[in-house]
Amino acid sequence: LGTRYLATLGRVREAFAATYGRLSGGGAADLEPVDEDRGSAEASDPPSSIRPVGGLGLEVIVRPPGKKPTHLSLLSGGERTLAAIALLFALVQVQPAAFCILDEIEAALDESNVVRCASFLRELGSHGQFIMVTHQKSSMEAADRLIGVTMRDGVSSLVSIRLAG
Amino acid sequence: LGTRYLATLGRVREAFAATYGRLSGGGAADLEPVDEDRGSAEASDPPSSIRPVGGLGLEVIVRPPGKKPTHLSLLSGGERTLAAIALLFALVQVQPAAFCILDEIEAALDESNVVRCASFLRELGSHGQFIMVTHQKSSMEAADRLIGVTMRDGVSSLVSIRLAG
Amino acid sequence: MLLKRLEIMGFKSFADKVVIEFGAGVSAVVGPNGSGKSNLTEAVRWVLGEGSVRSLRGQRMEDVIFGGSPTRRPLPLAEVSITFDNSDGTLPLAFAEVTVTRRVDRSGGSEYCINRAEARLRDVHELLAGTGLSGNAYAIVGQGQVEEILAARPAERRAMVEEAS
Amino acid sequence: MLLKRLEIMGFKSFADKVVIEFGAGVSAVVGPNGSGKSNLTEAVRWVLGEGSVRSLRGQRMEDVIFGGSPTRRPLPLAEVSITFDNSDGTLPLAFAEVTVTRRVDRSGGSEYCINRAEARLRDVHELLAGTGLSGNAYAIVGQGQVEEILAARPAERRAMVEEAS
Ligand SMILES: Nc1ncnc2c1ncn2[C@@H]1O[C@H](COP(=O)(O)OP(=O)(O)OP(=O)(O)O)[C@@H](O)[C@H]1O
Ligand SMILES: Nc1ncnc2c1ncn2[C@@H]1O[C@H](COP(=O)(O)OP(=O)(O)OP(=O)(O)O)[C@@H](O)[C@H]1O
Ligand SMILES: [Mg+2]
Ligand SMILES: [Mg+2]
């Protein structure tokens, strides 16, 4: 297990905790190494998301604000999406990819979570390039530009878009 | 294959076509009996959604307005959701269940489709009881009442809600 | 037959007793991510005899009992009661109001009551036969599940139509 | 390295050639259900060498070629070109601009070009190594896929962190 991997893992755990803390308004999150012999500390019957496959794996532990650490499966749809987005944003912060494509990732979020994710993404946008498909107005408002797609008689084309009001 | 089933199937196909036509603004939809030996007319390698299992099954055929009939898998997320909702509403119209629970079924829909589904549901509501969980304002506006749920320190409770503006 | 009332106590995030009155037409359940909306719909599924723990996002049936929060101790049991207006005689019982109750504690299995008389799960199933609420009812669509009706195998869709016959 | 431009011709619903200029920061792709937004993101995946037809929602690779509409005949081939600004030398090529092109027709397999010179798929993969865009990149999140990062097995998540190292 290389020292480089461990160094990166440390930075990803840090970024994950910080990002989730901000997106969730005070929650906690971590990645925990797990191995085949020892399952999750939280469940004796781990679902597929924590079934280690050969050697050390990483388990996701999330504690939304005001709640106790909960098994991922019991979290709500929006809470799971928020945790996933935080982990994604953490990987992007530690090792930016050339660009990042996000297709409707905020579908399960309520308005306040959409706004927090959009403003966080806006900050990430100053260091990297993001293409996000969205139906959410708040996400559109946080973007640097809009690319409009329309279809007529089964053929797609581009249109320029201005945000209303 | 009972005559009663065939009569019901006829009514479901009719309701499916009419409902999808309204929700999609002019599209067409049908249910086609398929059997094990003959797969779908549209694809030689049917995906799981049209793999008949013993005897006659029913395949879903959808043609959004302005497009040719398309394999379900190539449709967009919103188009698939709209077809699913139309089929669901068709079954409910043909044989109303005591009540119907819908948990965030419009997550993939754009605003105009949300509005069409909400107004259709409002009409269904005059003949049956529906409980819909939603984050969409247009769906809330079409409802007969709002049931607010809030959480504090990990405990859920009800709150009365008024729609803003 | 009309759904009148739902009483939830100790089920998932409902540590304090909550009474929800449902009217005719469309009721919209609203609130932030993680507030308890899906838990509420799962309480309905559960009291009607849902046997699959996984479909309730749990790993053991005791996962549906309030497990505590930073400010509240876990509870020993969960109980949900659902009350129907049966003045049209849909349910095969000579009562104008029918209440089904389900209770589970951390040690044992579930106990059922129908109008406060002890009952078995099969009594509940027999009571609900023909209401579209038992088994693989199309009438209850869980979060993220709306497209299931499209993914269903043709034979399963035929079964839904037969259910509607 | 910056993503400059995407040119799509004959790919899925883009029967007419479309040129999309991307700037720095966050670009939001918007439009109605079924207009072509996800098709656009799939064009990026495809030109970068995506091999799995199923992950592009198709059943055969020729499903990505415009299949016609009530008013347009099907097209014989699909071609996508993606152009990068390489003035910071991220890509191991001595060009300030690098264009990758992929073309497929109904009879054969895909052909690739890098800066108009014929190339093989492995040349494209080697070019993109280390940009976070090849293989199981976390940087491209398809519609409905955001929670995949949570469903991943611990060892897969470790691989993502290693990829980020
Ligand atoms: N047994 C339990 N004890 C205490 N809390 C629980 C229990 N089971 C689930 N919860 C909590 O309930 C919350 C999820 O609630 P629910 O799924 O109803 O949210 P929701 O309102 O539907 O949110 P969303 O809009 O994101 O779908 C989680 O935070 C989870 O921790
Ligand atoms: N090979 C093809 N030829 C013609 N049209 C195609 C082809 N492949 C897909 N389409 C059409 O493209 C449409 C789907 O486009 P896409 O998935 O990009 O929509 P979208 O804008 O992402 O919508 P949503 O907001 O619902 O996700 C479908 O209507 C489908 O019929
Ligand atoms: Mg929910
Ligand atoms: Mg899409």
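Each chain gets a letter, A, B and so on, in the order the sequences are listed, and its residues count up from 1. Remember, predicted model here, so these are calculated numbers, not experimental data.
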I would like to know whether Ser69(C) and Asp153(B) meet side chain to side chain donor-acceptor pair (under 3.5 Å); could you show each step before the answer? CA-CA 7 Å; Ser69(C) 78; Asp153(B) 294 330; over 6 Å; no
Can you tell which part of Val18(C) gets under 4.5 Å to a heavy atom of chain B, answering side chain, backbone, both or neither? side chain
Is a donor from one side chain sitting under 3.5 angstrom from an acceptor on the other, for Thr99(C) and Thr83(C)? yes
Check each atom of Glu104(B) against the heavy atoms of chain C and say whether the ones under 4.5 Å are side chain, backbone, both or neither. side chain
Given a strict heavy-atom distance threshold of 4.5 Å, which part of Ile105(B) is in contact with chain C: side chain, backbone, both, or neither? both
So for Leu2(C), is it side chain, backbone, both, or neither that comes closer than 4.5 Å to the heavy atoms of chain B? both
Backbone N/O of Val149(B) and side chain of Lys37(C): donor-acceptor pair under 3.5 Å: no
Count the heavy-atom pairs under 4.5 Å between each of Leu124(B), Val159(B), Ile131(B) and chain C, then report the option with the highest count. Ile131(B)
Looking at Glu50(C), is its backbone amide N or carbonyl O close enough to the side chain of Arg45(C) to form a donor-acceptor pair, meaning the two atoms are under 3.5 Å apart? no
Give a yes or no on whether the backbone of Pro76(C) and the side-chain of Asp105(C) come within a donor-acceptor separation of less than 3.5 Å. no
Quick one: which of Leu102(B), Leu158(B), Thr150(B), Leu31(B) has the most heavy-atom pairs under 4.5 Å with chain C, could you say? Leu158(B)
Tell me, out of Gly67(C), Gly23(C), Gly144(C), who's got the most heavy-atom pairs with chain B below 4.5 Å. Gly23(C)
With chain C, the option among Ile85(B), Val133(B), Leu88(B) that has the most non-hydrogen atom pairs under 4.5 Å is Val133(B)
Asp16(C)/Arg72(C) salt bridge by N-O under 4.0 Å criterion: yes
Residue part contacting chain B, namely of Leu128(C), when any heavy atom lies under 4.5 Å: neither
Which portion of Val44(C) sits near chain B, non-hydrogen atoms under 4.5 angstrom: side chain
Under 3.5 Å, is there a donor-acceptor pair between the side chain of Arg106(C) and the main chain of Leu75(C)? yes
Determine the option with the most heavy-atom pairs under 4.5 angstrom with chain C, choosing from Ala97(B), Ala143(B), Gly154(B), Ser156(B). Ser156(B)
Gln93(B) (side chain) donor-acceptor with Phe89(B) (main chain) under 3.5 angstrom: yes
Per-residue tally against chain B (heavy atom, under 4.5 Å) across Ala24(C), Gly68(C), Gly142(C) peaks at Ala24(C)
Report which part of Phe66(C) has an atom under 4.5 Å of a heavy atom belonging to chain B: side chain, backbone, both, or neither. side chain
Under a 4.5 Å cutoff for heavy-atom pairs, which residue among Ala108(B), Gly125(B), Ala84(B) has the most contacts with chain C? Ala84(B)
Under 4.5 Å from any heavy atom of chain B - which part of Thr71(C): side chain
Determine whether a donor-acceptor pair (N or O, by modelled atom type, separation under 3.5 Å) exists between the side chain of Asn39(C) and the backbone of Lys12(C). no
When heavy-atom pairs shorter than 4.5 Å are enumerated against chain B, which of Pro70(C), Gly36(C), Ser13(C) gives the highest number? Ser13(C)
Lys137(B)/Glu141(B) ion pair, N-O < 4.0 Å: no
